[in-house]
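Naming: A, B, ... by sequence-line order, numbering from 1 per chain.
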2 protein chains.
Amino acid sequence: MESAKQLLNYISKHVNLTEKEELVLLSKVNHRKYLKGQYLVQQGDVCKYTSFVISGCTKMFYMDNEGQEHIAMFSIKDWWSSDLGSFITQTPADYNIQCIENTEVFQFPHHTQEELFKEIPKLERFFRIILEKALVASQKRIIRNFSLTAKERYLNFKNLYPTIEQRVPQYMIASYLGITKEFLSKIKSKLILEQ
Amino acid sequence: MESAKQLLNYISKHVNLTEKEELVLLSKVNHRKYLKGQYLVQQGDVCKYTSFVISGCTKMFYMDNEGQEHIAMFSIKDWWSSDLGSFITQTPADYNIQCIENTEVFQFPHHTQEELFKEIPKLERFFRIILEKALVASQKRIIRNFSLTAKERYLNFKNLYPTIEQRVPQYMIASYLGITKEFLSKIKSKLILEQ
DNA sequence: ATAAAAAGTTAAACTAGATTAACATCATTT
DNA sequence: AAATGATGTTAATCTAGTTTAACTTTTTAT
């Protein structure tokens, strides 16, 4: 599928745009390709775009004072990728977003957002719905992190995002789960013995 | 301040409603008072309202299979309180929301939400903004839980919500922080020695 | 005012997960 | 094909936080 179609198809699952509106929308977003290793956002920069992923994979991570990477999320096809806090307030980002594969995105620029919502009020609704879903997912993750053990979180992750484990190195999955790569390795070898 | 004024004042910080719109809004929300101990939502019920807290305090918590309470958030004056996942999808709630003080709220019913957005499109924007803020806060909390020790999380909590510690029992704060009350007690006694 | 219940503290023994370090495997470049 | 760097594994030791249990303090109800 052509990438613009993919974006419009995703949006059409939540709101119905006219053809005219679709054209306006496409005129206001940027289509862009990144190579593996490139950054969409760097910690300290202002996040100017919210990116919709067409293909590829990104990781959003926080680098703490000890230089340790903490992965907050992965984004693949039909997901969003941005440091929302920075995007909303246009202040320096807490997170980095880096491509872990060659990645194709559509970017919604902050400076055209108001215009966009004025011209297509339905998009206000669209983003409300997207945000609701993201918030629900985020709150569920907080609870999981508290009430599940590392092993349970790993199994839950595999269940929730079955395609990601195959394409992302284990040490990044460990970081996402909040454990060390050594401990994830231990969990996996125990799981194999158990079967 | 009269409670309706308090709600309108809060909304006016994000969008400007006309007097007419304010009246429509008030005609579509329920004003309600709960006693300490009462539930706004019980795990398994469908969450029919999003509640805006005028006064008092609620806790939202998840009860796990071992019967342990995990507090996801506290809500006080000018905050929201609901199981969003359940509210949005109108499916059984994962969480309980219980008043830990006598609590006064305005409730936005799910079944009038569509009507409300149709009559006052600005509210669509209002809820988008609220959701953005909530999502940012939620994502920051995930990272804090991974990258900070229990002691650091406690200090951060005191800093972020200075009024809550005084009115909420320690064991609930421990639950919010994801630690036992015994360990929080230890952290506090160490902090006193350190000064 | 007193009893009962709820909340908070302390300390000893324990465990999930971290750290360190040495080694093994896989992928990429030359 | 060899060499280099990135990724993954195993095992020993260590630590942040849990569990259990006995005790103290505060709050609530009678």
Students should find that the end-to-end axis angle of the helix from C:dA1-D:dT30 to C:dT30-D:dA1, with five pairs defining each axis and rounding to 10 degrees, is 50°

Do B:Gln139 and A:Asp83 get their side chains close enough for a donor-acceptor pair, meaning under 3.5 Å?
no

Close aromatic pair by centroid cut-off 6.0 Å: A:Tyr161 and A:Trp79:
yes

Closest to the B:Lys36 side chain: D:dT28, D:dG8, C:dG8?
D:dT28

Can you confirm if the aromatic rings of A:Phe127 and A:Phe117 lie within a centre distance of less than 6.0 Å?
yes

Set out, line by line, the N/O atom pairs under 3.5 Å between protein and nucleotides 13-20 of chain C.
residue, atom, partner, partner atom, Å
C:dG17, OP1, A:Ala150, N, 3.2
C:dA18, OP2, A:Thr180, N, 3.2
C:dA18, OP2, A:Thr180, OG1, 3.3

Sorted by position of nearest nucleotide on DNA chain C, 5' first, the leading residue of B:Ser189 and B:Tyr171 is B:Tyr171

To the nearest angstrom, the CZ-P distance between A:Arg167 and D:dT7 comes to 16 Å

Do B:Glu152 and B:Thr149 have side-chain atoms, one donor and one acceptor, less than 3.5 Å apart?
yes

Could you state the NZ-P distance from B:Lys188 to D:dG17, rounded to the nearest angstrom?
17 Å

Figure out the CZ/C1' separation between B:Phe146 and D:dG17, and round it to whole Å.
16 Å

Please report the distance, rounded to the nearest Å, between CD in A:Glu69 and P in D:dT7.
10 Å

Nearest whole Å is fine: how far is D:dG8 C1' from A:Gln170 CD?
8 Å

Do A:Arg144's NZ or CZ and the ring of A:Phe157 fall within the cation-pi criteria of under 6.0 Å and 45°?
no

According to the interplanar angle, ranging from 0 to 90°, do the rings of A:Phe87 and A:His110 count as parallel (below 30°), tilted (30 to 60°) or perpendicular (above 60°)?
perpendicular

What's the CD1-C1' distance between A:Ile173 and D:dT9, to the nearest Å?
16 Å

Could you tell me how far apart B:Leu184 (CG) and D:dT19 (P) are, to the nearest whole angstrom?
15 Å

Flag if over 12 foreign heavy atoms under 6.0 Å of NZ, B:Lys122
yes

Rounded to whole angstroms, how far apart are CD on B:Glu66 and P on D:dT20?
12 Å

Would you say the side-chain atoms of A:Thr103 and A:Thr58 include a donor-acceptor pair closer than 3.5 Å?
no

Can you confirm if the aromatic rings of A:His31 and A:Phe106 lie within a centre distance of less than 6.0 Å?
yes

